[in-house]
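Data block below; observations after.
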Amino acid sequence: MPSPIRVAQAPDGLLAYAIPFAPEALPAVTPRDLLAAWDHARAAATAERWGAPRRLLFRRPDGEAQELLLADADAACWAEAVDARNDLSTPGGLALCLRLLALVDVLARARWLAGLYSVTPEGIDLHPELLRAAAAMPLDAAARFDETGLRRLLSRPIPSGASA
């Protein structure tokens with residue numbers, strides 16, 4: 001079955017995606033796939049494999065269009081890395097990419113998450129519960145994680161030494 005997402009490349013290299021549903025409708029992914037995408041995207045950034053900017057045009061349930069532009073060099077790089085392995089023209093690949101970017105976003109703005117990841121010389125180690133939550137929690141209309149919902153989801157005691 002062909003993907004419902006259509007992709008076109010503009011003469012300037014921008015990739016445009018016509019997505020017939022809203023970001024909130026994207027499926028969950030597995031924590032293992034999210035971690036693999038994280039590692040692959042980080043390696044792409046280290047190797048400076050920058051990607052083309054991407055224009056995501058979602059169709060809201062009311063028929064309105066919603067645009068999300070991935071023009072920042074880091075976001076474009078990470079999107080390119082995920083696209084190379086998971087095909088952003090599929091709902092699953094797009095879900096993986098946007099969850100990855102939403103995870104980066106929430107880590108940057110939610111200081112209370114500091115105990116659920118650690119920065120090491122090799123990169124960032126993510127707690128398995130944080131990975132599970134990011135893999136399963138729905139995205140909001142802006143393709144981000146709702147910080148309040150994430151806090152509620154992660155508020156139960158987390159066993160030490162848990163693994164993904």
Side-chain angles (χ1 to χ4, degrees), residues 1-110 113 117 123-124 126 128 130-150 153-154 164:
M1 171 184 249
S3 174
I5 300 171
R6 294 187 333 266
V7 183
Q9 186 165 17
D12 65 359
L14 180 130
L15 293 169
Y17 293 74
I19 306 156
F21 46 82
E24 305 95 315
L26 285 166
V29 300
T30 68
R32 179 182 43 216
D33 287 345
L34 186 58
L35 184 58
W38 178 285
D39 291 340
H40 190 70
R42 196 175 145 278
T46 299
E48 299 182 1
R49 289 191 304 264
W50 311 117
R54 286 169 164 78
R55 178 179 176 253
L56 309 177
L57 188 61
F58 293 93
R59 184 66 52 199
R60 306 278 328 146
D62 63 5
E64 290 294 315
Q66 175 186 345
E67 182 180 83
L68 178 63
L69 188 60
L70 303 179
D72 169 88
D74 292 322
C77 175
W78 284 45
E80 181 75 20
V82 174
D83 193 20
R85 295 187 72 183
N86 301 97
D87 192 357
L88 295 188
S89 71
T90 66
L94 187 60
L96 193 56
C97 179
L98 292 181
R99 285 174 183 285
L100 180 64
L101 294 174
L103 180 56
V104 170
D105 171 68
V106 78
L107 288 175
R109 63 186 164 86
L113 286 171
Y117 68 94
I124 294 179
L126 302 167
L130 177 57
L131 275 172
R132 277 192 271 284
M137 183 176 182
L139 296 169
D140 67 13
R144 297 171 88 184
F145 292 125
D146 170 59
E147 192 175 329
T148 303
L150 185 60
L153 189 60
L154 292 170

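In this text, all values refer to a predicted model and were calculated from it rather than measured experimentally.
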Applied to residues 41-59, the side-chain hydrogen bond (donor to acceptor under 3.5 Å, both in side chains) test, sequence neighbours excluded, yields Tyr17-Arg54, Arg54-Glu80, Arg54-Asp83, Arg55-Glu67
Check for a donor-acceptor pair, side chain of Gln66 on one end and backbone N or O of Ala141 on the other, with a separation under 3.5 Å.
-> yes
Validation row: Leu107, Leu130 side chains within 4.5 angstrom (heavy atoms): yes
Contact between Val7 and Leu88 at the side-chain level, heavy atoms closer than 4.5 Å - yes or no?
no
Rounding to 0.5 Å, atoms CG (Leu56) and CG (Leu69) come to a distance of 8.0 Å
Shortest non-hydrogen pair, Ala22 vs Phe58, comes out as C-CD2, 3.9 Å
Between the CG atom in Leu100 and the NE2 atom in His40, the distance rounded to the nearest 0.5 Å is 11.0 Å
Nearest heavy-atom approach of Pro91 to Ile5 is N-CD1, 3.8 Å
Residues pairing under salt bridge (Lys or Arg N to Asp or Glu O under 4.0 Å) where one sits in residues 8-18, two or more places apart or in two chains, turn out to be none
Separation between CD1 (Ile19) and CG (Leu94), nearest 0.5 Å, reads 4.5 Å
Exercise. Give the C-alpha distance, both sets of side-chain angles, the deciding distance and a yes or no for side-chain contact (heavy atoms from CB on, under 4.5 Å) between Leu15 and Leu70.
Key: CA-CA 10 Å; Leu15 293 169; Leu70 303 179; over 6 Å; no
Here the side-chain hydrogen bond (donor to acceptor under 3.5 Å, both in side chains) pairs for residues 88-104, sequence neighbours left out, are Asp87-Ser89
Check: For Val104 and Asp74, what are the C-alpha separation, side-chain angles and deciding distance, and is it a side-chain contact (heavy atoms from CB on, under 4.5 Å)?
Finding: CA-CA 11 Å; Val104 170; Asp74 292 322; over 6 Å; no
Closest non-hydrogen contact found for Gly13 with Ala52 is O-CB, 3.4 Å
Q: For residues Tyr117 and Leu131, determine if any side-chain heavy atom of one lies less than 4.5 Å from a side-chain heavy atom of the other.
A: no
By side-chain contact (heavy atoms from CB on, under 4.5 Å), Ala16 pairs with (sequence neighbours left out) Leu14
- Non-hydrogen side-chain atoms of Leu101 and Val82 separated by less than 4.5 Å: no
Heavy-atom nearest pair, Pro20 first then Pro4, reads CD-O, 3.4 Å
Asp105 meets the salt bridge (Lys or Arg N to Asp or Glu O under 4.0 Å) criterion, sequence neighbours left out, with Arg109, Arg144
- Query: What's the verdict on side-chain contact (heavy atoms from CB on, under 4.5 Å) for Phe145 and Asp140, showing C-alpha distance, side-chain angles and the deciding distance?
  - Reply: CA-CA 6 Å; Phe145 292 125; Asp140 67 13; over 6 Å; no
Residues passing the side-chain contact (heavy atoms from CB on, under 4.5 Å) test with Ala18, sequence neighbours excluded, are Arg6
Residue pairs passing the side-chain hydrogen bond (donor to acceptor under 3.5 Å, both in side chains) test with at least one member in residues 18-27, sequence neighbours excluded, are Glu24-Arg60
The reported gap from CG in Leu113 to CG in Leu103 (rounded to nearest 0.5 angstrom) is 8.5 Å
For residues 64-90, the ring pair (Phe, Tyr, Trp, His ring centres under 6.0 Å) pairs (sequence neighbours left out) are Trp38-Trp78
Indicate every side-chain donor-acceptor pair of residues 26-36 with a distance under 3.5 Å to a residue at least two apart or in another chain.
{"from": "Thr30", "atom 1": "OG1", "to": "Asp33", "atom 2": "N", "distance (Å)": "3.0"}
{"from": "Thr30", "atom 1": "OG1", "to": "Asp33", "atom 2": "OD2", "distance (Å)": "3.2"}

